[in-house]
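Take a look at the structure below.
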Amino acid sequence: MTENVTAKGGQGGGPAWEPKVVAIFCNWCSYTGADLAGISRLKYPAGLRIVRVMCSGRVSPAFVLKAFHEGADGVLVGGCHPGDCHYLEGNYKTLKRKLVFERLLEQFGIEKTRFRLEWISGGEGDKFARVANELIKEIEALGPLGSVAERLRQADGLSLRAEGGAGSA
Amino acid sequence: MTDARTKGAGPKAGLEGGTEPEAGAALKYSFFPGCSLHSTAREYHETAVKSMAALGVELEELEDWNCCGATALSSADTLLSYALPARNLAMVAEVGRPLAVACNSCFVTLNRANAVMASDTPWRKKVQEALAAIGRRLTRPVEIRHTLHILRHEVGLDRLREKVTRRLEGLKVAPYYGCQIARPRHQWGDPELPVEMDEVLAATGAEVVRYDRKTKCCGGALMTTKEDIVLSINEELLREAKARGADIIAVCCPMCQMNLDAYQGKINSRFGTDYSIPIVYYTQLVGFALGLDEAEMGFSRGFVPATKYLRKYA
Amino acid sequence: MPGPKIGVYVCHCGSNIADKVDMDALRDFAGELPDVVVSRDYKYMCSDPGQDLIKADIKEYGLERVVVASCSPRMHEPTFKRACEVGGLNPYLMEMANIREQCSWVTVDRGGATRKAKALVRSAVNKARLLEPLEDKSVPVDPKTLIVGGGIAGIEAALKIAEAGYKVYLVEREPSIGGQMAKLDKTFPTLDCAACILTPKMVSAAQNPNITLLTYAEVEDVSGYVGNFEVTIRKRARGVDEKLCNGCGTCQEKCPIKVPNEFEEGMGLRKAIYTPFPQAVPNKPVIDRENCTYYKTGKCRVCERVCPPQAVRFDQEDEIIKERFGAIIVSTGYQPFDPSVGKQWGFGRYDNVITGLQFERLSNASGPTGGKVLLKDGTEPKAVAILHCVGSRDKNYNEYCSRICCMTSVKFAHLVREKTGAKVYDLYMDMRTFGKQYEEFYNRVVAERDIYFIRGKGAEIMEDPVSGGLLVRVEDTLLGVFREIPVDMVVLNVAMCPRPDAQEVAQKFGIQRSADGFFLEYHLKLEPMKTANEGVFIAGTCQAPKDIPDTVGQGAGAAAEALKVVLLGKVTVTPTTAEIRETLCSGCRMCIPLCPYTAISFNEAKGVAVVNEALCKGCGTCAASCPSGALRVRHFDNRQLLSQIEGVCAE
Amino acid sequence: MEQAEAKAMEVIRQDAFDAAAFLDELASYPSGENIRSCMQCGVCTASCPLSSKMTETPRKIMEMIKTGMRNEVLASDTMWYCASCYACTVRCPQGISMAEVMYALRTIAMKTARNLSTSFYQSFSDTVRRYGRMHESDLMIRFALRTNPLSLLKMGPLGVRMLMKGKMNLMPPSAIRGAKEIARLYDKVAEMEGGA
Amino acid sequence: MPESKKKLKLALYWAASCGGCEVAVLDLDEKILTVAELADIVLWPVALDFKYKDVEALADGSVDVCLFNGAIRNSEQLEIAELLRRKSKVMVAFGACACYGGIPALANQFDRESIFARVYGTTPSTVNPGRVLPQTKLPTPQGELHLPTFYNAVYKLDDVVDVDYYIPGCPPPPDLIWTAVEAIVSGKLPPKGATIAGERALCHSCLRKKEEKKVTAFRRVHEVIPDPEKCLLEQGIICSGPVTRDGCGTRCLNANMPCRGCFGPTPEALEHGASMLSAAATMAEGKDEATLAPILDGIVDPLGTFYRFTLADSLLRIRNKALVAGAEEKEGEEAAS
């Protein structure tokens, strides 16, 4: 709790720390839903940023790790509702990965709430906005996660040559 | 359909066997009688416990329960109107059994507090803080069921039919639910036109008459402060029952019983009518149909005597 | 090592973006990013002068990548790709940052929006740096169009395409085309009879040689993609040889079985062998196998005996038709709201509480009462209440406005007065008369004698247990009084709802549904007939509640969309498919079962997996499961996506 | 029938009311947050068994709230007629819980108003505080003392008949063991509200 | 080998590792003699008695090759890694621990405090009534002794010093070591940063029969005796072959055991653990959570399974301990209130 207070230390009323959420959305449903939220002028915090893929089935768990590695405080993966996948069943593959991957994240000490898989259809602009606001609220309560580089720096005070290894290429 | 639902939804495996009545003895609930059942609705209390026991449902009275606050406290103080029933819910949670409630008013009030415990409104935290001050704790909602729902959906009509020894053939009953068992939306029952009591009464052999005003309000406690209009809405209720040819009105709420029964004379004198319709709790009829001792069914406690309709079955 | 030269173009979109995002700061920020050689902002990047900026810079600066920060790529990606191409740059070397739909429109404060816009631009620049040139491919298109649903929308679309000289298959589930409109009596605001204007179109559809009419038929399966949809249609057995049958009706006369007539909304009866209504197209009967005595007991066969041309075929079997289509129009219509779920309205409990469609049938000269508005007991009503918004504009049921009910209510009020002496009470919340000549029509009716418009939502309908009369309770909100209105008939003007199988149909055709359950158009305003599935279009009330003029308009519009596909004769297929780098593939075969299009196979000789790029749709599911990274998806490969993630994260 | 005093047409100046403040006040009560979405259809009024007696219909009260007429709303008798039957609540097309809005208005009015209803609810609350449970005779006596002690005589005959039927206890319920807890709960709630 | 060449100066060092890599060098068998012929060993603590100050005394860059095995767990290892880097022309991360952190890096799931608490406190065999924990300073009559600091995390070699080549494996197989030695001696060096192993995944060398990658249950090796002819993954056994570099000679597979990934990820793999997790999970058959969850629950301990040798090379590296502890506290508060 105390951590949050110091982290927020509001100047100008707003929180100094704004949760950073990487959303990886499929082109056909969730990305369209997010566009609809925009067309409907629904509001959500600016910390949520969307990266577009064609299908949620394209989302490698490593993308999610990469986001956390880079300092995202949360990751939201969005796909079509089961049965509605534009590519028939890409979203089922995502679900399979999620079921193992969320346990891995827990082992890494990353709270469950920081990673979410949601089915958001192209018509569900309101659902997307609700999920975005909800998720960011939950993450705000958890506090910042910090990048892996930072975490390593804090661990032993060593200055590492090139943190990250894989994927940073 | 009904059977499938009863069996499917029954919490105890014992029921799934179906035919062996004693198997269902495993159904046990914490029971919240509420203040009325200890005074004005004494017969409701007695017959609910006895007839449910005869059907293999044990209603174990919650120890040291307190008044739920009814709608009076909702009008006086919002936080208190949650905290007071929440004390009961906290004690139920400790016992660890689902809660059975017979009084509609308690049912709605306890459900209202229960809903707050499931919400993420600031009220939830406030209630928890208030409870903490008296050393009680409630983290999540408890399961609450109306005794009528337990009878209809947990015990089931098959079981009831089997156990009926006095079939109330020819007794014309208007089923009157009142409002708060139906509204706002609860787990079971249509908010406008529920059928659970109709089905239960039909299973006792009684003829259930059509009664479109079954969830119209009786005015409840407003009888004390707005007597004029409350008498007139009760007159409308009696009028339909009579027009549909009902001998008797069955109720499931102490307020309804009191307004229709104790004030029936006053209605007659106010509106120049001559209603003489006994108002009984459905549990009295169920207990009677199950062959329990008639004297224990509390029919004599009503202001409008019911005995002339029941004599032939005794 | 210097990267490719990148140009960044920031669009103000008038004030849509510029009001929330600091354009100067964003432009300057982009200019500072590595490899960016030019960054500009402009009021409307999608306009001709905006595009010209890009084209000129490609030449002047020798740009190798272009990043446009503007609206959603779903809006203008094609525009800017074309601009690049004209300017001499491979269109796949362009990347967009969505700073309107996903930034300026959704963010409250300017600071946050500007920060977010920067992150999105950095992310796009990161990806652009890694893009590679790709070439579009094209495949030929089958020139036939499939239209699913033979209501007025489907008929209109079929006629337009057929008249343009192209082939159409019109598939209808019911035994006749015509849809809901065929049930209506008079139509607002002109009060011409629905049958009079619909029947000629139905007949034209049946007679046009370019239209193949498949009634009593359903689409079972759809696969393939725009230009080449493979469709399986089940044409259910009518039990009647359509070629021999001359529609004389003898079979229906003699059939001994009577069942409630769906077409009459349950108010009349039909036989077990029947045509749904006299003007049915095709005017050939079907045998209702569930109710036919022969199918139940093996006896009867009366119809077979009496049929003059001997057309009855009890042993007829369903026919499976497989066809290839270039485009598909879905026009499956709506389902009226079932008011029996709201017990307060008494529908199903009180005989004289009816729905709007039931009223249409009562009022229709070919309906069960021969066009008389009568109570269940055959007498004429003395007072009729009409309720608007039953099941619509009500969060307990459907939040949306059903659009036509105000006008049908006004029409019903007029028809009641025309046909009976009854007083009419019209209970409305708002009177919405949005169409051409609608307000004028309302003004005419409002002036009629004994029609009373009351502003208030009808709350409940009770029966007087003594008299049996109905009592409608409403607050007259303009007077601020509680009103009880005794009537003997109530017409519930119910909502238009999505059909109960809408989800199944949506899945079959790869289209989506909006929150209200109707099919989702590509763009609410600008692409009302397109769907997210290219080549599949929607028309009529399957998209949203609408009246006849709008339905017909959409039918014609969808026809234009379909014609656009078939007339072009070819469609472009995206080159953003998967590819396998053979030197890296270890042959583990992980990817093979993952492809829903069976585009990946195994080359035993080489010991590696192979992608058939004609079948691949580019979803990338395989790449996400290729452990060694040998499989990559063009335009969405690992490096590109990781760089984008890095881009949105960096502060 | 006496001639009702003719009410002059009023000109309402919106700047006389602070609508936002009143709506915000109500928004702090359960279900108070969606009052703004009321579309004045009147289903609440027409579903209410008691609305015919009210001087202002529930729908009109909602419009008065939205106008910011705080004093007028709290002075009306509308909320005191609510029997908590929830007919309005389940039918409201905008999902507003009118019953909760009525509770909220009563709770606000309880702080200042004094009438038959406030006396009844206050008596009820006091009885529960004392015994932890309801005690009808205690309630009736408290209520009568607050309003009109003579009314006890009017209630007398029914009370006696109830007693005869074994439906009423003259003796107070032996206070529940948790009665002290209940009192503490009352105090804690008062403290929380006072502190808020 | 050309005799004319000057003898190479060779250093071998052993940081946080089990010692298996040292044995692997000896596994060169008679070839070790060739090594001795070609090279002068300047440091090899496991076999020869050199002192650090001997190395310090050498001129910078005077050692030709250093084969460094083991991860960096404490300050002494860091110091020596830096020293050897200074003195050596070519630094080789030798073995899985030096390359990717190896088994020791699995400790990155815990921080120093919890490791000490466990090792010096709660293990059943521990007798430590005074709760004495390792200290970095020890006052003695002769003066204060300084001991290395035990770090919170385990690091791979290239986290702390520049590495020229990587020879993976647990331990590296002799033939690979020999290939490296030959390359060094002959001066035919691959580009800097290269990993001396295969470019494709291990499946390329695996001779087991591969059919359809679909499973209805995952199993662990102690639960079944796998069919030695069939792909282990297809039998529901997690085998990291598809994501791990070829070059080990399928040693584990030959013993009917699955690949655990000691050769690290292939060059184009996104990430060793996540990539294999992604592939393995998609093998489960089913379309809804109810069917899939029980199958996928069969993949126990995903972190230990998929990052057995590569946690220090992963994207997340260490467990996010502090925040989790904070959250647990918060939960506790909530429950208590």
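Note that the coordinates shown come from a computational prediction; the quantities given were computed from them, not determined experimentally. Quick note on labels: first sequence line is chain A, next is B, and so on, each numbered from 1.
Proximity to chain D (any heavy atom under 4.5 Å) is restricted, for B:M258, to the side chain, taken from C-beta onward. Both the backbone and the side chain of D:E181 come within less than 4.5 Å of a heavy atom in chain B. Contacts between B:Y82 and chain D at a heavy-atom distance below 4.5 Å involve the side chain alone, from C-beta outward. Residue B:Q257 touches chain D through its side chain alone, counting heavy-atom pairs closer than 4.5 Å. Residue B:E236 does not touch chain D at all, counting heavy-atom pairs closer than 4.5 Å. Only the backbone of D:C82 comes within contact range of chain B, with heavy atoms under 4.5 Å apart. Residue contact with chain D, scored on non-hydrogen atoms closer than 4.5 Å, involves the backbone of B:S300 exclusively. Proximity to chain B involves both the backbone and the side chain of D:R161, based on heavy atoms less than 4.5 angstrom apart. Interface residue D:V128: only side-chain heavy atoms are found under 4.5 Å from chain B. With a threshold of 4.5 angstrom between heavy atoms, D:S123 does not approach chain B through any atom at all. With a 4.5 angstrom heavy-atom cutoff, B:V127 does not touch chain D via any of its atoms. Proximity to chain B is limited to the side chain of D:E100, based on heavy atoms less than 4.5 angstrom apart. With a 4.5 Å cut-off on non-hydrogen atoms, B:T121 does not touch chain D at all. Heavy atoms of D:M140 lying under 4.5 Å from chain B belong exclusively to its side chain. Contact of B:L222 with chain D is made through the side chain alone, with heavy-atom distances under 4.5 Å. Looking at D:F143, the atoms closer than 4.5 Å to chain B (heavy atoms on both sides) all sit in the side chain, from C-beta outward. Looking at D:Y29, the atoms closer than 4.5 Å to chain B (heavy atoms on both sides) sit in the backbone and in the side chain alike. The part of B:R87 that comes within reach of chain D is its side chain, from C-beta onward, which places non-hydrogen atoms under 4.5 angstrom from that chain. With a 4.5 angstrom heavy-atom cutoff, B:R42 touches chain D only via side-chain atoms.
Rounding to the nearest 0.5 angstrom, the gap separating the CG atom in B:L80 from the CG atom in D:L185 is 6.0 Å. Atom CD of D:E136 is separated from atom OG of B:S36 by 6.0 Å, given to the nearest 0.5 angstrom.
At a threshold of 4.5 Å between non-hydrogen side-chain atoms, the residues B:T71 and D:Y121 do not count as touching. D:Y86 places none of its side-chain heavy atoms less than 4.5 Å from the side chain of B:R185. In this structure, D:W80 and B:T225 have side chains that are not in contact, with every pair of non-hydrogen atoms separated by 4.5 Å or more. The shortest distance between side-chain heavy atoms of B:K216 and D:P49 does not fall below 4.5 Å. Taking the side chain as every heavy atom from C-beta outward, B:S75 and D:M110 never approach each other to under 4.5 Å. D:F124 places a side-chain heavy atom less than 4.5 Å from the side chain of B:C67. B:H38 is listed as a side-chain neighbour of D:R133, based on a closest heavy-atom distance under 4.5 Å. Side-chain contact between D:H135 and B:S39: absent, with no pair of heavy atoms (C-beta onward) separated by less than 4.5 Å.
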### Task
Report the C-alpha distance between D:C85 and B:R183 in whole Å, list the side-chain angles of each, state the deciding distance to 0.1 Å, and finish with yes or no for side chain to side chain contact (heavy atoms under 4.5 Å, CB included).
CA-CA 7 Å; D:C85 80; B:R183 292 185 296 264; 4.1 Å; yes

### Message
Under the criterion side chain to side chain contact (heavy atoms under 4.5 Å, CB included), I'd like the reasoning laid out for D:K188 against B:I134: C-alpha separation, chi angles, the key distance, then a yes or no.
### Response
CA-CA 9 Å; D:K188 173 71 182 174; B:I134 57 165; 6.0 Å; no

### Query
D:L50 and B:V230: side chain to side chain contact (heavy atoms under 4.5 Å, CB included), yes or no, with the steps?
CA-CA 8 Å; D:L50 294 121; B:V230 175; 4.2 Å; yes

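For the residue pair D:V189 and B:A83, the shortest heavy atom distance occurs at CG2-CB, 4.3 Å. For D:S52 against B:I229, the heavy-atom pair with the smallest separation is OG-CD1, 3.8 Å.
Heavy-atom contacts from other residues, nucleotides or ligands closer than 6.0 Å to NZ of B:K50 number more than 12. In the displayed structure, B:E61 atom CD is contacted under 6.0 Å by more than 12 heavy atoms of other residues, nucleotides or ligands.
For the options D:Q122, D:R91, D:K180, D:K111, heavy-atom pairs under 4.5 Å to chain B are most numerous at D:R91. In terms of non-hydrogen atom pairs under 4.5 Å with chain D, the most contact-rich of B:A133, B:S105, B:G220 is B:A133. Counting heavy-atom pairs closer than 4.5 Å to chain D, the top-ranked of the candidates B:R112, B:K266, B:E43 is B:R112.
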